[in-house]
Protein chains: 4
Amino acid sequence: MIKAGILGGSGYGGSELLRILLFHPEVELTLVTANEHAGKRIDAVHPNLAKLTDLKFNTMPDPGDLDGLDCVFLALPHGQAMEIAPSLPRSVKTIDLSGDFRLTDAVVFKQFYGREHTAMQTQREFVYGLTEVNRNQIKEATHIANPGCFATALELGLFPLVASGLVKGKVIADMKTGSSGSGAKAAANTHHPKRANSFYAYKTFAHQHQPEVEQLLGSVNSEWSSECNLIFQVHSIPVVRGIFASIYVTPTKSITPDEVGDLFRGFYGNEFFIRLVDGSPDINWVKNTNFVDIGWAAHDDTVIVFVALDNLVKGAAGQAVQNMNLMFGIEEREGLVLPGSNP
Amino acid sequence: MIKAGILGGSGYGGSELLRILLFHPEVELTLVTANEHAGKRIDAVHPNLAKLTDLKFNTMPDPGDLDGLDCVFLALPHGQAMEIAPSLPRSVKTIDLSGDFRLTDAVVFKQFYGREHTAMQTQREFVYGLTEVNRNQIKEATHIANPGCFATALELGLFPLVASGLVKGKVIADMKTGSSGSGAKAAANTHHPKRANSFYAYKTFAHQHQPEVEQLLGSVNSEWSSECNLIFQVHSIPVVRGIFASIYVTPTKSITPDEVGDLFRGFYGNEFFIRLVDGSPDINWVKNTNFVDIGWAAHDDTVIVFVALDNLVKGAAGQAVQNMNLMFGIEEREGLVLPGSNP
Amino acid sequence: MIKAGILGGSGYGGSELLRILLFHPEVELTLVTANEHAGKRIDAVHPNLAKLTDLKFNTMPDPGDLDGLDCVFLALPHGQAMEIAPSLPRSVKTIDLSGDFRLTDAVVFKQFYGREHTAMQTQREFVYGLTEVNRNQIKEATHIANPGCFATALELGLFPLVASGLVKGKVIADMKTGSSGSGAKAAANTHHPKRANSFYAYKTFAHQHQPEVEQLLGSVNSEWSSECNLIFQVHSIPVVRGIFASIYVTPTKSITPDEVGDLFRGFYGNEFFIRLVDGSPDINWVKNTNFVDIGWAAHDDTVIVFVALDNLVKGAAGQAVQNMNLMFGIEEREGLVLPGSNP
Amino acid sequence: MIKAGILGGSGYGGSELLRILLFHPEVELTLVTANEHAGKRIDAVHPNLAKLTDLKFNTMPDPGDLDGLDCVFLALPHGQAMEIAPSLPRSVKTIDLSGDFRLTDAVVFKQFYGREHTAMQTQREFVYGLTEVNRNQIKEATHIANPGCFATALELGLFPLVASGLVKGKVIADMKTGSSGSGAKAAANTHHPKRANSFYAYKTFAHQHQPEVEQLLGSVNSEWSSECNLIFQVHSIPVVRGIFASIYVTPTKSITPDEVGDLFRGFYGNEFFIRLVDGSPDINWVKNTNFVDIGWAAHDDTVIVFVALDNLVKGAAGQAVQNMNLMFGIEEREGLVLPGSNP
């Protein structure tokens with residue numbers, strides 16, 4: 001059994017880690033922290049878990065005292081992981097759900113996250129946890145920087161095309177997310193009377209997932225950064241869960257819809273968590289699951305790839321556990337066969 | 001032209017007053033306050049009003065300096081109206097949308113609002129602004145305590161039955177409201193990821209609109225308080241606008257559905273803003289309007305009355321303007337023929 | 001392994017049975033019918049199940065040919081189960097999710113369902129499947145009439161009070177349901193542009209679950225039918241999943257909130273799927289699960305019980321599988337520990 | 001007074017025409033048809049209009065008999081307008097809300113609408129009713145082909161850039177619509193249990209508004225068709241009303257955000273119904289109104305234009321009345337100052 005801990009269990013990332021790890025047959029959850037709720041039962045904050053756990057929230061311990069754990073998930077607000085991670089015992093495998101350790105370039109980090117990075121030396125130990133692309137490195141890793149929700153969708157949508165050298169020039173990524181992406185704290189942009197009838201764009205030319213995507217795709221194809229130009233625009237959908245990506249590519253050579261299909265089947269045909277769909281995917285069919293549904297179209301000099309996933313599962317907690325499974329040599333889908341529902 | 005002011009123009013009550021008063025042919029809006037937005041254009045806070053007004057928010061002036069106004073609407077948080085109202089010039093007609101001046105009994109006020117009432121002498125000048133019931137008093141009034149949203153629905157649903165002496169014993173009022181009833185400030189219970197899939201009850205046996213309803217119905221029929229017992233339970237609907245009341249009455253004598261219909265037509269047949277519907281009303285058909293839709297059913301010893309209205313219009317700003325029209329001798333529906341839409 | 005079949009797998013009842021049974025460790029699903037989709041893969045109709053099953057829909061076989069099955073679930077439109085059930089082999093345990101076999105009185109059936117009952121002899125073999133109340137009979141049963149979604153909520157909310165002789169006179173049950181209760185076929189009342197902003201009442205004094213509730217409560221306390229009077233009113237919430245019941249009772253003797261709590265804990269303290277909550281439950285916390293959350297309040301001569309459940313799980317497919325587990329001597333919660341999510 | 005008629009008054013286009021025309025000071029509505037509801041009161045189909053009209057639906061008269069009308073709005077399903085329009089008296093000004101008369105090329109029409117055009121001769125009398133662009137022609141027109149909802153958003157977003165010769169190469173238009181765009185008839189894609197949690201793409205490379213946009217932009221700049229390539233992709237938002245367009249352009253020369261702003265202010269600064277916003281618009285602020293809100297961003301070689309409008313008002317009935325006002329020499333905004341609401 002893997003002795004696991006969650007640092008930051010009161011947010012939505014922590015909530016979804018709990019939903020998965022409490023039922024994972026190879027995991028014993030021995031620590032869940034939430035400073036402002038310390039001492040409270042977990043189901044007082046997450047009533048969905050009543051009858052499913054008697055655990056209580058702890059205060060954050062001294063990181064150095066966590067050596068009894070085999071694995072720790074950091075589900076903390078951006079900026080806190082980089083304070084803690086350097087002090088964690090090296091024996092504890094670490095999976096960080098925040099953006100703190102995804103970027104290898106401190107200058108880019110500061111530009112997009114608005115703060116100095118204080119733990120770049122530790123950053124170098126982190127492997128970027130896009131499971132289907134970095135599987136082999138993840139198996140060997142001790143530290144995982146779990147991808148962002150938007151980034152996961154966009155990277156998985158582009159990977160087969162980029163890896164095959166089919167992408168050049170401008171790529172338009174029109175991204176949309178549900179409200180849970182804003183986290184568990186009430187805020188003006190998630191106030192129900194406003195959000196329920198809204199659709200709007202935000203963070204134009206400035207979303208922090210953009211450099212993460214460029215870095216990953218650059219690692220896949222070294223010509224990416226010199227030859228491609230990613231336009232990454234996010235929008236808000238008035239729904240709770242789900243990311244939808246519409247990705248517009250001008251391929252380097254003419255390609256038919258069938259050829260795009262063959263390409264995606266070649267890369268993803270054996271991936272359990274990637275479902276290739278006819279036409280467009282729909283966030284409705286991936287909600288609450290670790291699946292990524294991908295569809296595509298091609299016409300003249302344009303390929304469009306559509307990606308749908310649940311921002312809190314494949315876009316956060318689910319992919320984190322998928323990575324944990326790999327790191328510990330467990331069957332990759334263990335604990336993650338969470339069937340979605342209709343309706 | 002009525003020179004009117006709105007004290008507290010940044011909340012939803014103020015927002016709806018603006019939507020109505022800016023287009024009211026007999027009103028000139030000369031002052032709109034919002035301390036935290038003072039100096040900003042109104043359409044910076046209410047972008048729906050862009051191109052429709054160039055007004056800016058003011059700070060709250062000294063109440064004694066408002067003698068240039070003919071009419072002032074108080075759309076302030078509970079507790080602030082009773083600080084301001086006593087200092088307003090007597091020449092200014094005052095319409096308060098809060099709960100501060102609805103209750104005539106200071107002890108009851110303290111019990112339900114959790115604070116001492118500091119202006120009970122001023123309270124005595126206020127007329128309760130349930131237009132269809134208190135029309136004659138409203139015409140003569142200088143101060144209006146505008147009814148609560150739940151209270152308006154429940155009172156209009158019960159009035160014909162209570163006034164006719166048909167109600168005795170326990171009355172069950174199962175009330176439901178949309179999220180805008182919680183106001184314009186983001187809070188945990190209106191956080192979109194939570195609220196969008198919620199339905200729950202709250203303030204059991206403790207909602208502040210209950211004594212308001214009992215007081216009004218007692219004024220309509222003096223036997224109400226000794227012979228009736230109101231059970232008033234509110235619930236949250238995951239929709240932005242609307243109040244729906246399901247009111248269960250055991251009539252004092254057997255009554256058929258047709259007789260209930262005759263009763264309601266007798267009381268409300270000439271009321272423009274009350275629409276008597278066949279079967280159940282639906283909040284969908286009253287949204288954004290000043291209409292109250294009422295339906296009913298009767299069987300054996302039970303009468304059920306269903307009421308639907310928009311909490312921000314007939315339940316707040318709309319009724320306030322309806323009262324202003326009466327106070328100034330204007331046609332009652334002036335500025336308030338706001339057609340709803342399908343869908 | 002239990003060889004199980006689902007007759008009627010394309011609706012929401014069938015869909016949820018699939019979500020549960022495909023992962024039930026003691027069940028082998030060998031037949032799923034849907035005449036209009038016969039030959040198609042199940043995941044063509046339920047894309048949420050892609051990668052989770054390769055099964056295809058069959059046409060409805062001759063009922064007499066189903067003797068290879070150990071258990072059959074009927075998830076058919078009302079009226080079809082009574083045509084099929086009499087011909088099913090006696091060796092096949094039968095669980096009907098429709099209303100066809102819930103009522104023991106053919107006259108009442110006709111009154112509420114609007115058709116003659118054609119299989120009352122077969123009806124006598126059916127046990128009413130309200131698991132927590134009829135557990136012992138269910139263990140011995142060969143035929144289960146699975147309760148309606150509204151009925152489950154109302155019966156579980158009233159059972160401790162009725163069984164204790166605490167209920168007399170009029171009981172008001174103000175019931176609310178999400179749109180999935182209307183089934184998988186598009187219809188005017190579930191057209192998104194209308195439904196998304198609606199709340200309304202329907203089937204006043206005429207809902208078919210009312211006699212089902214009265215029959216069950218009469219079986220629990222023989223004085224129910226002579227001494228009590230159930231007013232059962234259903235409403236539509238603009239949400240996909242969830243039933244919420246607000247039940248108003250005048251107890252036969254004064255009772256405190258704590259005493260109500262003791263009563264509910266006495267009846268339900270050991271029930272895994274019933275969670276007793278402080279204050280009001282919320283449909284948000286039971287969605288996608290087999291849990292029933294129950295809260296209560298008491299004041300003077302009124303007790304209010306609040307019940308929340310998922311209409312498609314505890315209100316349909318989940319309870320059906322819970323009953324199957326009992327009938328086959330399996331641990332009752334097997335396959336049904338479906339954790340809900342936050343958000 | 002303009003004697004106006006609506007052919008097809010039971011759908012959402014007709015419903016919104018009614019909401020506007022019943023209150024238009026220069027219009028007398030003398031005929032509203034809806035064959036399947038003939039003889040019924042209009043408010044029986046549109047309960048939002050109760051107390052606001054006593055009109056009833058008529059059957060469709062012989063078009064030749066409509067010479068008592070000054071103006072007729074065709075709000076019929078696609079394909080019916082081209083059957084009727086040729087027979088309408090030449091004295092009746094005609095505004096068609098369908099797609100029947102927007103395209104000047106019968107071959108393109110057939111390709112995108114899937115049927116032969118049977119009235120191309122009549123088509124030549126139609127002016128394309130994009131008010132802000134074709135105002136002068138509209139003033140002289142007798143027949144208006146009212147633009148599609150998506151087309152209006154996209155055309156108004158691109159017009160200043162295209163007219164200024166700033167657009168070359170591929171233009172990506174990522175379009176999103178609420179569910180009311182699918183019309184008033186219930187269908188699988190608008191079934192609430194499905195739609196409420198959905199977001200998906202549809203009609204890839206095949207939406208019928210694409211040629212309409214290309215034709216309009218070609219009329220504005222003759223180099224459009226040879227030098228530009230429009231990729232037009234529509235998606236469904238789980239909201240009732242609203243179109244949101246994200247338009248990605250590679251400008252022919254480097255341009256700053258301020259220069260884009262100057263350009264839009266130059267073209268639209270005097271347009272009452274176009275509001276230029278800072279950052280992104282939001283469908284929440286245009287709902288129920290005739291406003292179009294437009295925002296933009298520019299960086300390196302990319303300009304993004306965001307457009308929000310209400311698909312049923314500026315995208316249909318509102319623009320139709322705006323055109324009627326021009327055709328009859330009335331103030332353009334008459335009847336159309338419909339303030340939106342917050343929330």
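Here is the naming used below: chain letters follow the sequence lines, and residue numbers restart at 1 for every chain.
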Q: Between B:Y12 and A:K194, which heavy-atom pair has the shortest distance, and what is it?
A: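 The answer is OH-N, 4.4 Å.
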Q: Anything in residues 197-209 of chain B with a heavy-atom distance to chain A below 4.5 Å? Please list those residues in order.
A: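 When heavy atoms of chain A are the reference, residues 197-209 of chain B contributes B:N197 within the under-4.5 Å range.
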Q: What part of A:A196 gets closer than 4.5 Å to chain B, counting heavy atoms only: side chain, backbone, both or neither?
A: both
Q: Would you name the heavy atoms of A:T190 and B:P193 that are closest together and state the gap between them?
A: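 The pair with the smallest heavy-atom distance is CB-CD, 4.4 Å.
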Q: For the OG atom of A:S180 and the NE2 atom of B:H191, what is their distance to the nearest 0.5 Å?
A: 8.5 Å
Q: Ignoring hydrogens and geometry, is there a side-chain-to-backbone donor-acceptor pair from B:H192 to A:G178 under 3.5 Å?
A: no
Q: List the atom of B:A186, the atom of A:A188, and the distance in Å for their closest heavy-atom pair.
A: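 Taking B:A186 first and A:A188 second, the nearest heavy atoms are CB-N, 3.9 Å.
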